[in-house]
Participant: 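Quick one: the structure is below, and I'll ask about it shortly.
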2 protein chains.
Amino acid sequence: MEPTPQHVAAYFALMEAGALLQQLVEQQLRRDGDLSYIQFRVLAQLAEAPEQSLRMTDLADGVVYSRSGLTYQADRLEQGGLIARSPSPDDERSVTVTMTEAGREALERVLPGHIDLVAKELFGPLKEPDVTAMADVLTRVRDHLRTVPRGPATRRRPAAN
Amino acid sequence: MEPTPQHVAAYFALMEAGALLQQLVEQQLRRDGDLSYIQFRVLAQLAEAPEQSLRMTDLADGVVYSRSGLTYQADRLEQGGLIARSPSPDDERSVTVTMTEAGREALERVLPGHIDLVAKELFGPLKEPDVTAMADVLTRVRDHLRTVPRGPATRRRPAAN
DNA sequence: TATTGTTATACTCTATAACTATA
DNA sequence: TATAGTTATAGAGTATAACAATA
């Protein structure tokens, strides 16, 4: 299975573009709101959730994280006053995470620069048809990749024990 | 500047596809050759270089790394016997990094699985025209992103001091 | 027994600044 | 003075396993 130069170019371009864009995004989020990308995604998920609340497990699913890793990030966000944790009403084992007013403000403080950055640095060099093609192709790639078993972060139930 | 749903979809798909693919790649490299992606890239660069040798600075440029970060990785690779460091002949300040035979073997041990993985998980869901479109669009995005000043890793000379 | 979440711990990686040596 | 590279150190993030509490 020899890959063609086109395949090699596409692979490298995806890996490098993804890494570079993420670096820029993290830099912007850190500068404008002292947030990591993970923390930004946690807040963004809470913002879309009913009552700005989700259980820890639901957040971990969305962010593709290990449990303890999410606990770590939740600790950070709680120390900063951006989220609050409370026992869940229905299931006493669960912890409900709620975005605070300060959390919403942090998200809103960061969003305009975020949108600007993406518009300028990602879409700047593209024309409309390019955006359509990119969304089409990468959505299919992402949807496939989501189905591929990954390491510890995804393995909720070890395959064979 | 309201982004269209197409723009949002393209942005999220790129970020997530890039992250998922990188996770899979790192998992494969670790499993097949106990290499991190960075270490893999260092070895790949050395493999293409004349006499399998490059200076530390050239490597840092290629891998987009801070100096001390590269020293750390070089230490690891040297401990594993995959590279060797020697004083440069022309410039006594420089260190020339050379891939050892064990380094080449590690690279070759890892490459088939790497190519298989990418063929299957990245290009599996795509048809040929998709690959062409992806290479075209993402190459332009990457080339633009390369020109954007990033954080510490790139800042060789601080802007204004 | 299984699930939710936390804790303790160790490890990897990255960044900064101070430092040595050479150009 | 500037450049190449290392070192010391500190900090962020992640994974594992053990744990407590609830289902």
Side-chain angles (χ1 to χ4, degrees), chain A residues 19 22-23 26-27 29-31 34-42 53-80 83-97 150-158 161, chain B residues 19 22-23 26-27 29-31 34-42 53-80 83-97 150-158 161:
Chain A
Q22 191 167 348
Q23 278 185 43
E26 296 206 316
Q27 186 178 318
L29 293 173
R30 184 65 66 189
R31 174 168 40 75
D34 196 30
L35 293 175
S36 72
Y37 181 63
I38 299 284
Q39 293 167 346
F40 170 71
R41 288 201 50 192
V42 167
S53 298
L54 287 171
R55 297 181 312 145
M56 289 292 283
T57 296
D58 300 328
L59 278 174
D61 285 353
V63 180
V64 180
Y65 237 64
S66 69
R67 292 293 183 63
S68 63
L70 180 59
T71 296
Y72 172 80
Q73 293 294 346
D75 286 348
R76 298 264 146 179
L77 286 168
E78 194 171 40
Q79 280 167 29
I83 64 169
R85 278 187 278 198
S86 58
S88 298
D90 47 307
D91 187 334
E92 299 262 333
R93 294 172 303 181
S94 293
V95 167
T96 294
V97 177
R150 264 152 298 142
T154 310
R155 188 180 301 149
R156 311 293 298 278
R157 300 172 194 178
N161 271 357
Chain B
Q22 191 167 348
Q23 278 184 45
E26 295 204 317
Q27 187 178 316
L29 294 173
R30 185 64 66 188
R31 175 168 40 74
D34 197 31
L35 293 175
S36 72
Y37 182 64
I38 298 284
Q39 293 167 346
F40 170 71
R41 288 201 51 191
V42 167
S53 297
L54 287 171
R55 297 180 312 145
M56 290 292 285
T57 297
D58 300 328
L59 278 174
D61 286 353
V63 181
V64 181
Y65 238 64
S66 69
R67 292 293 185 63
S68 63
L70 180 59
T71 295
Y72 172 81
Q73 294 294 346
D75 286 348
R76 299 261 147 183
L77 286 168
E78 194 171 39
Q79 280 166 28
I83 64 168
R85 278 188 277 198
S86 59
S88 298
D90 46 306
D91 187 333
E92 300 262 332
R93 294 171 303 182
S94 293
V95 167
T96 294
V97 177
R150 264 152 300 142
T154 310
R155 188 180 301 149
R156 312 293 299 277
R157 301 173 193 177
N161 271 357

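The structure presented is a predicted model; accordingly, all values stated were derived computationally and were not measured. Sequence lines set the chain letters: A, B, ... in the order given, protein chains first and strands last, and positions in each chain run from 1.
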Participant: Rounded to the nearest angstrom, tell me the gap between atom CD in B/Gln73 and atom C1' in D/dT7.
Facilitator: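 In whole Å, D/dT7 C1' lies 16 Å from B/Gln73 CD.
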Participant: Starting the side chain at C-beta, find the nucleotide from C/dT4, D/dA12, D/dA4 nearest to A/Tyr72.
Facilitator: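 Within the option list, the nearest is D/dA12.
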Participant: Taking atom C1' of D/dA12 as reference, at what distance in whole Å does atom CD1 of A/Ile38 sit?
Facilitator: 12 Å
Participant: Mind checking if A/Ser68 touches a base, just sugar-phosphate, or nothing, with heavy atoms under 4.0 Å?
Facilitator: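 It contacts base atoms.
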Participant: Using the side-chain heavy atoms of B/Met56, tell me which of these nucleotides is nearest: C/dT4, D/dG5, D/dG13.
Facilitator: D/dG5
Participant: Taking 4.0 Å as the cut-off, does a side-chain nitrogen or oxygen of B/Arg67 come that near to OP1 or OP2 on D/dT6?
Facilitator: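 No, because none of the side-chain N or O atoms of B/Arg67 sits under 4.0 Å from OP1 or OP2 of D/dT6.
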Participant: In whole Å, I'd like the distance from the CG atom of A/Asp75 to the C1' atom of D/dA12.
Facilitator: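 Taking CG of A/Asp75 and C1' of D/dA12, I get 14 Å after rounding.
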Participant: To the nearest Å, how far apart are B/Gln39 CD and C/dT12 C1'?
Facilitator: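 Answer to the nearest Å: 10 Å.
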Participant: Rounded to the nearest angstrom, tell me the gap between atom CG in A/Asp91 and atom C1' in C/dT3.
Facilitator: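 To the nearest whole Å, that distance equals 8 Å.
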Participant: C/dT6, C/dT4, D/dG5: which one has an atom nearest the side-chain heavy atoms of B/Ser94?
Facilitator: D/dG5
Participant: Using a 4.5 Å cut-off on heavy atoms from C-beta on, say whether the side chain of A/Leu59 contacts that of A/Val97.
Facilitator: yes
Participant: For the side chain of B/Glu92, counting heavy atoms from C-beta on, which of D/dG5, C/dT22, C/dT6 is nearest?
Facilitator: C/dT22
Participant: Does B/Gly62 offer a backbone N or O that forms a donor-acceptor pair with the side chain of B/Arg41 under 3.5 Å?
Facilitator: yes
Participant: Heavy atoms only, 4.0 Å cut-off, all strands: where does B/Thr71 land among base, sugar-phosphate and nothing?
Facilitator: base
Participant: So what does A/Ser88 touch, heavy atoms closer than 4.0 Å: a base, only the sugar-phosphate, or nothing?
Facilitator: nothing
Participant: To the nearest Å, give me how far apart CZ (B/Arg41) and P (C/dC13) are.
Facilitator: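 To the nearest whole Å, that distance equals 15 Å.
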Participant: Starting from P on C/dT3, measure out to CG on A/Asp61 and report it in whole angstrom.
Facilitator: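 Taking atom P of C/dT3 as the reference, CG of A/Asp61 is at 13 Å.
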Participant: Got A/Ser36 and A/Gln73 here, is their nearest side-chain heavy-atom distance under 4.5 Å?
Facilitator: yes
Participant: Please compare A/Leu70 and A/Arg93 by the position of their nearest nucleotide in DNA chain C and report the one closer to 5'.
Facilitator: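 Between the two, 5'-proximity favours A/Arg93.
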Participant: Have A/Ser86 and A/Thr96 got a donor and an acceptor in their side chains that come within less than 3.5 Å?
Facilitator: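 A/Ser86 vs A/Thr96: no donor-acceptor pair found between side chains.
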Participant: How many Å lie between CD on B/Glu78 and P on D/dG5, as a whole number?
Facilitator: 13 Å
Participant: Does D/dT3 have its OP1 or OP2 closer than 4.0 Å to a side-chain nitrogen or oxygen of B/Arg55?
Facilitator: no
Participant: Between A/Asp34 and A/Gln39, what is the shortest heavy-atom contact and its length?
Facilitator: O-OE1, 4.1 Å
